[in-house]
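None of the values given here were measured: they were computed from a predicted structure.
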Amino acid sequence: MASAKEGNGAPTKKTALHDLYELQGLSPWYDNLCRPVTDLLPLIASGVRGVTSNPTIFQKAISSSSAYDDQFKQLISAGKDAESAYWELVIKDIQDACKLFEPIYNETDGADGYVSVEVSPRLANDTQGTVEAAKWLHKVVNRPNVYIKIPATAECVPSIREVISNGISVNVTLIFSIVRYEAVIDAYLDGLEASGLSDLSRVTSVASFFVSRVDTLIDKMLEKIGTPEALSLRGKAAVAQAKLANQLYQKKFSGPRWEALAKKGAKKQRLLWASTGVKNPAYPDTLYVDSLIGPDTVNTMPDQALHAFIDHGTVSRTVDANVSEAEGVYSALEKLGIDWDEVGKQLELEGVDSFKKSFDSLLVSLQEKGNSLKTASV
C-alpha cells in the first residue's frame, strides 16, 4: 500500500480511512477522547480527521483513569467545586485534541479537523441557557477548530440559530428524524443569514444524524408485530432513514437561497453519521459505515467500528445508491404502524436522559473524590 505522511514526517501505511476521504469525500472521525490525548496520534496517522466527545465518553474517561487525578487535586485545593473542576478537565482535553487536529484544519481551510465538546446535558430544554453555555465554551476553549455540540431538541433548535449567528461553529447532536433534521438545517441557514458577516467561511457546522439506535428501537417494534413482512424489515430502518436525510441535504443545500450564502463563503452543514457502532451481533460490524459512504459526509466511529472498518470495510459510494429501495422501506414501516416522528421523539428523550445520567453520576463521583481529598488533607 502507498504511504501517507504522519505529522512527524515518518511514512505510515495508508488505510481504508485514507481511501474513504481521498476517494469518496467522507471524513472519518473518532467518537472517543481520553488521556493521554497523544493516543490520538496513531489514529490521525491512520486517517482519522476529527474527534467527537459527549458526557458519557467523559464519564468513562475520567472515572476509569488516574490520568485526571493530579489536575483534579490541584483544582479542588484551589477551591473549585465538582462541576467547575469537571469543565476544567474537559476543556484541557479538548484544547489538547484541537492542537493535534489543527494541521488538518489548516490544510483544509477550516473544512475539517474539528474536535466537538457538548454543552451541559442539563440544558437540553433550556434555549437561552444553551446559548450562554455555547458562547462560554467557545470563549474558554478558544481554538478555531472546536465544535460546540448542541442537542437538536425542540427547545435548542432556536439556540442553534442564535449561536451560529454569533459566528460560532456548531455540531448539532441527537438528530433522530427527518422532520427535526430539516428544522436543524433551517436553523443553520437562518443563523448564517442573521450573522451579518460578509465572510461566512469560518462559521461551519455538522448535523449529527444518529443511526444504530434507530434500528435498535424499530427492530423491537417489528419483533412485536411479528409478521413475516415486519421481520424482513429488521436492520433496514436506520440506513433507509439516513439515505433519505442525505436526499434532503442535497435539496436544501442547492438553489437560490443557498447560492446567495455560498457567495459569501458559507460551507454546507455536513451530515455526520453518529451512533455507528453495531449493537446487534447478527448484523455486519461495519454496517453503519459501509452503507452510508458519500461526498461531504462525516462518520464518527467508536473504537470497534473504526478498527473493523480499517480491517474489512468496503470503500464504495453507497449513500445515494438504491434510494428508491430506502423510500420503500421507510413507507413500508409507516404502513406497519411505525410512526417515524414518535420514534424520533422517544430516541431523543432516551439520548438526552442517558447523557444527563452520565453527567450527574460523574459529578457525584467527583464530589465524593473531592470530599475524600479534603478530608485526607485535613
Of the non-hydrogen atoms in Ala282 and Asn280, which two are nearest, and what is the gap between them? N-OD1, 2.8 Å
Check ion pair Asp109-Arg202 (N to O, under 4.0 angstrom): yes
Specify the closest pair of heavy atoms between Phe101 and Gly50, including all atoms of both residues, with the distance to one decimal. CE2-N, 3.3 Å
Answer whether the closest heavy-atom distance between the side chains of Gln95 and Val141 falls below 4.5 Å. yes
Going through the distances and angles, do Phe209 and Tyr249 end up as a side-chain contact (heavy atoms from CB on, under 4.5 Å)? CA-CA 12 Å; Phe209 202 96; Tyr249 165 87; over 6 Å; no
Short side-chain to backbone donor-acceptor contact, Asn246 and Ala242, under 3.5 Å: no
Of Thr300, Thr276, Asp112, Asn299, which is the lone residue that meets side chain to side chain donor-acceptor pair (under 3.5 Å) with Trp29? Asp112
Can you list every ring-ring contact (aromatic ring centres under 6.0 Å, His included) pair that touches residues 41-74, not counting sequence neighbours? none
For the NZ atom of Lys139 and the CD1 atom of Ile168, what is their distance to the nearest 0.5 Å? 11.0 Å
Pair Asp96 + Lys92: basic N to acidic O under 4.0 Å: yes
Give a yes-or-no answer on whether the side chains of Ser212 and Ser275 include a donor-acceptor pair shorter than 3.5 Å. yes
Given the rule in the ring pair (Phe, Tyr, Trp, His ring centres under 6.0 Å) test, do Tyr330 and Trp340 qualify, once you have shown the distances and angles that lead to the verdict? CA-CA 9 Å; Tyr330 193 89; Trp340 284 96; 4.3 Å; yes
Looking at Asp186 and Arg161, is any side-chain nitrogen of the basic one under 4.0 Å from a carboxylate oxygen of the acidic one? no
Answer yes or no: are there more than 12 heavy-atom neighbours, outside Glu223 itself, under 6.0 Å from its atom CD? yes
Checking Lys149 side chain against Val117 main chain: does a donor-acceptor pair fall under 3.5 Å? no
Do Ile310 and Tyr21 land in one hydrophobic cluster if side-chain heavy atoms of ILVMFWY residues count as linked below 4.5 Å? no
Nearest 0.5 Å please: distance from the CG atom of Leu174 over to the CD1 atom of Ile150. 12.0 Å
Salt bridge (Lys or Arg N to Asp or Glu O under 4.0 Å) assessment of Arg257 paired with Glu193: CA-CA 10 Å; Arg257 184 186 186 188; Glu193 287 165 348; 2.8 Å; yes
Tyr181 vs Val172 side-chain heavy atoms within contact, under 4.5 Å: no
Indicate yes or no: does Lys345 engage Glu348 in a salt bridge with an N to O separation below 4.0 Å. no
Could you report the tightest heavy-atom contact between Leu200 and Ser195, atom names first, then the distance? CD2-OG, 3.4 Å
Using the side-chain contact (heavy atoms from CB on, under 4.5 Å) rule, take Ser316 and Ile293 through it: C-alpha gap first, then chi angles, then the decisive distance, then the call. CA-CA 7 Å; Ser316 104; Ile293 297 172; over 6 Å; no
In terms of hydrophobic clusters joined by side-chain contacts under 4.5 Å, are Leu33 and Val140 together? yes
Working note: Gln269 + Val184, criterion side-chain contact (heavy atoms from CB on, under 4.5 Å); need CA distance, chi angles, decisive distance, verdict. CA-CA 10 Å; Gln269 180 186 49; Val184 165; 3.7 Å; yes
May I have the step-by-step check of side chain to side chain donor-acceptor pair (under 3.5 Å) for Ser361 and Gln59, ending in yes or no? CA-CA 8 Å; Ser361 89; Gln59 186 220 352; 3.0 Å; yes
Is Glu102 salt-bridged to Arg143, cutoff N-O under 4.0 Å? no
State, with a plain yes or no, whether a side-chain heavy atom of Leu100 is found less than 4.5 Å away from one of Ile44. yes
Ser208 and its side chain to side chain donor-acceptor pair (under 3.5 Å) partner, picked from Asn171, Thr52, Thr173, Asp31: Asn171
Salt bridge flag under 4.0 Å for residues Asp93 and Arg35: yes
Check the pair Ser177, Arg180 against side-chain contact (heavy atoms from CB on, under 4.5 Å), reporting the backbone distance first and the verdict last. CA-CA 5 Å; Ser177 71; Arg180 186 55 56 83; 3.4 Å; yes
Pair Arg122-Asp360, salt bridge (Lys or Arg N to Asp or Glu O under 4.0 Å): steps then yes or no: CA-CA 9 Å; Arg122 290 174 175 171; Asp360 292 346; 2.9 Å; yes
Specify the closest pair of heavy atoms between Ile225 and Ile338, including all atoms of both residues, with the distance to one decimal. CD1-CD1, 4.5 Å
Cluster link Leu231 to Val214, ILVMFWY, side chain under 4.5 Å: no
Output for pair (Phe359 CZ, Asn54 CG), nearest 0.5 Å, gives 12.5 Å
Could you give all pairs that pass the ring-ring contact (aromatic ring centres under 6.0 Å, His included) test and reach residues 113-132, with sequence neighbours left out? Tyr105-Tyr114, Tyr114-Tyr147
Taking NZ, NE, NH1 and NH2 as the nitrogens, is one of them in Lys357 or Asp353 under 4.0 Å from a carboxylate oxygen of the other? yes
If you define the side chain from C-beta out and look only at heavy atoms, does anything of Leu222 sit under 4.5 Å from Leu333? yes
Closest contact, heavy atoms only, Glu229 versus Leu336: OE1-CD2, 3.7 Å
Could you pull out every donor-acceptor pair under 3.5 Å between side chains of residues 124-137 and any protein atom, sequence neighbours left out?
{"unit_1": "Asn125", "atom_1": "ND2", "unit_2": "Glu155", "atom_2": "OE1", "d": "3.3"}
{"unit_1": "Asp126", "atom_1": "OD1", "unit_2": "Gln128", "atom_2": "N", "d": "3.4"}
{"unit_1": "Asp126", "atom_1": "OD1", "unit_2": "Gly129", "atom_2": "N", "d": "2.7"}
{"unit_1": "Thr127", "atom_1": "OG1", "unit_2": "Glu155", "atom_2": "O", "d": "2.6"}
{"unit_1": "Gln128", "atom_1": "NE2", "unit_2": "Glu132", "atom_2": "OE2", "d": "2.9"}
{"unit_1": "Thr130", "atom_1": "OG1", "unit_2": "Leu123", "atom_2": "O", "d": "2.9"}
{"unit_1": "Thr130", "atom_1": "OG1", "unit_2": "Asp126", "atom_2": "O", "d": "2.9"}

Do Asp285 and His312 have side-chain N/O donor and acceptor atoms under 3.5 Å apart? yes
Closest approach of Ser205 and Ile164, non-hydrogen atoms and distance? CB-CD1, 4.3 Å
Examine Arg213 relative to Phe176 and say whether NZ or CZ is less than 6.0 Å from the centre of the six-membered ring and inside a 45° cone about the ring axis. no
Any Lys/Arg nitrogen of Lys279 or Asp219 sitting under 4.0 Å from an Asp/Glu carboxylate oxygen of the other? no
Tested for side chain to side chain contact (heavy atoms under 4.5 Å, CB included) against Leu43, the lone hit among Leu306, Asp303, Leu17 is Leu306
Does atom NZ of Lys252 have more than 12 heavy-atom neighbours from other groups under 6.0 Å away? yes
Rounded to the nearest 0.5 Å, what separation is found between the CG atom of Leu40 and the OG1 atom of Thr38? 8.0 Å
Rounded distance (nearest 0.5 Å) linking atom CG of Leu197 with atom NZ of Lys264: 8.5 Å
Inter-residue atom distance Asp81.CG - Ile76.CD1, 0.5 Å rounding: 7.5 Å
Can we say Lys14 and Glu22 salt-bridge, meaning some charged N sits less than 4.0 Å from an Asp/Glu carboxylate O? yes
